[in-house]
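Below is one structure, written out as structure tokens; comments come after it.
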Amino acid sequence: MRMGDEQPALGEQPSFNGCDHGKDLQLSAVIDGEIPMGSERMEMRKRQMSVHQDTVSTAQPQQGVGNRGSNACCFCWCCCCSCSCLTVRNPEDERRRASNEIRGDGIPNWEESPTPTLEDVYSWGQSFDKLMNTPAGRNAFREFLRTEFSEENMLFWMACEDLKNEANKNVIEEKARLIYEDYISILSPKEVSLDSRVREVINRNMLEPTQHTFDDAQLQIYTLMHRDSYPRFMNSVIYKNLLQSLSENTNES
């Protein structure tokens, strides 16, 4: 201690600088319980954060299941979500669904018809026109064409007949498009054999489809079946067995 410095009196606490004095005040506050220490300070901070979060959550409107439909969101992955975006239909899907319905209402796998008589079957052998004019005759001939993997000729001819009986313009256009895709397009596995002239006629007619868009093609396929498939049908097991079965039933009766 230098000369001239005053010494504190006996029993008097020494004075410290400002920093040390602040620490003494904090220590005194801690001892008195005014400032929490350690875990008490952390617990107080947690309570403050909890109160703040509750305030924020109550300030925001809750979105329940009932208003999910009005607040449509394409990012909802919940299986119970009723977002309107999940019910929006693709126009292409709608068109494809309509096409499938028309296809389903088109050519049946088997035409309903009464059992042919012996006279009916004999008449088939006399005229191809008589064979094609009866449902039972078409069924028998169609069964034979399956064995030769040429059933598409009969299916195309029947689709053209169905188109001729349609009156609704929109349905005519759709059916014409389906016939083209199924039997005219070179990409179709059921493409029928047509010459280039007839194909050019069809392509022009498809600009404005009508009931008669495929008339030339239908006639060409009809002629092909008459000249090529019909003679083999008359000599086929299918025709002979049918003729024999009806003959035996007639003799028994």
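All values below were derived from every heavy atom in this structure, side-chain atoms included, with hydrogens, water molecules and symmetry-related copies excluded. Everything numeric in this text was worked out from a predicted model, so none of it was measured.
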* For Asp228, which residues count as a salt bridge (Lys or Arg N to Asp or Glu O under 4.0 Å) partner, sequence neighbours excluded? ->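 Testing Asp228 for salt bridge (Lys or Arg N to Asp or Glu O under 4.0 Å), a comparison that skips the adjacent residues, returns Arg232.
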* List, by chain and number, the other hydrophobic cluster members for Leu187, where Ile, Leu, Val, Met, Phe, Trp and Tyr join if side-chain heavy atoms come within less than 4.5 Å, directly or indirectly. =>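 Traced through the cluster, Leu187 reaches Ile186.
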* Hey, mind stepping through Met132 and His226 against side-chain contact (heavy atoms from CB on, under 4.5 Å) and telling me if it holds? -> CA-CA 10 Å; Met132 293 292 287; His226 185 191; over 6 Å; no
Inter- and intrachain pairs under salt bridge (charged side-chain N to carboxylate O under 4.0 Å, His left out), touching [range], at least two apart:
range            : value
residues 115-126 : none
residues 121-137 : none
residues 197-213 : Glu191-Arg199

Report the distance from atom [atom1] of [X] to atom [atom2] of [Y], rounding to the nearest 0.5 Å.
X      : Y      : atom1 : atom2 : value
Leu242 : Trp124 : CG    : CH2   : 5.5 Å
Glu148 : Ser236 : CD    : OG    : 8.5 Å
Thr210 : Lys164 : OG1   : NZ    : 10.5 Å
Tyr122 : Leu246 : OH    : CG    : 9.5 Å
Asn168 : Glu173 : CG    : CD    : 9.0 Å
Thr213 : Lys175 : OG1   : NZ    : 13.0 Å

If every non-hydrogen atom of [X] is compared with every non-hydrogen atom of [Y], which pair is closest and at what distance?
X      : Y      : answer
Pro114 : Ala136 : O-CB, 4.1 Å
Leu224 : Asn153 : CD2-ND2, 4.2 Å
Leu131 : Gly137 : CD1-O, 3.2 Å
Ile202 : Ala217 : CD1-CB, 3.6 Å

Do [X] and [Y] belong together in a cluster built from hydrophobic side chains that touch within less than 4.5 Å?
X      : Y      : result
Met154 : Ile238 : yes
Tyr230 : Val121 : yes
Ile172 : Met206 : yes
Leu163 : Tyr222 : yes

State, yes or no, whether a side-chain contact exists between [X] and [Y] at a heavy-atom distance under 4.5 Å.
X      : Y      : answer
Phe214 : Ile184 : yes
Thr134 : Pro116 : no
Leu194 : Asp216 : no
Met225 : Leu145 : yes

* To do: Look only at the side chain of Gln218 and the backbone of Trp157, and say whether a donor-acceptor pair between them is shorter than 3.5 Å.
  =>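 The answer is yes, because a donor-acceptor pair under 3.5 Å joins these two groups.
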Who are the side-chain hydrogen bond (donor to acceptor under 3.5 Å, both in side chains) partners of [X], not counting sequence neighbours?
X      : answer
Asp215 : His212
Glu143 : none
Tyr239 : none
Asp195 : Gln220

* Name all residues meeting the side chain to side chain contact (heavy atoms under 4.5 Å, CB included) criterion together with Asn235; count only those two or more places apart in sequence or in a different chain, and write none if there are none. =>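 Expected list: none.
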* For Pro135, what residues pass the side chain to side chain contact (heavy atoms under 4.5 Å, CB included) criterion, not counting sequence neighbours? ->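 Applying side chain to side chain contact (heavy atoms under 4.5 Å, CB included) to Pro135 gives Glu111, Ser113, Arg138.
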* With sequence neighbours excluded, give me every ring pair (Phe, Tyr, Trp, His ring centres under 6.0 Å) pair touching residues 129-148. =>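 Output for this query lists Phe128-Phe141, Phe141-Phe233, Phe144-Phe233.
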* To do: For the pair Leu155 and Arg142, evaluate side-chain contact (heavy atoms from CB on, under 4.5 Å) and give the outcome as yes or no after the intermediate values.
  => CA-CA 9 Å; Leu155 295 176; Arg142 187 172 166 186; 3.3 Å; yes
* **Verdict with supporting geometry, Asn203 and Tyr180, side-chain hydrogen bond (donor to acceptor under 3.5 Å, both in side chains)** => CA-CA 9 Å; Asn203 290 334; Tyr180 190 95; 2.9 Å; yes
* To do: List the steps, then state whether side-chain contact (heavy atoms from CB on, under 4.5 Å) holds for Glu151 with Lys190.
  => CA-CA 9 Å; Glu151 184 187 10; Lys190 297 185 294 184; over 6 Å; no
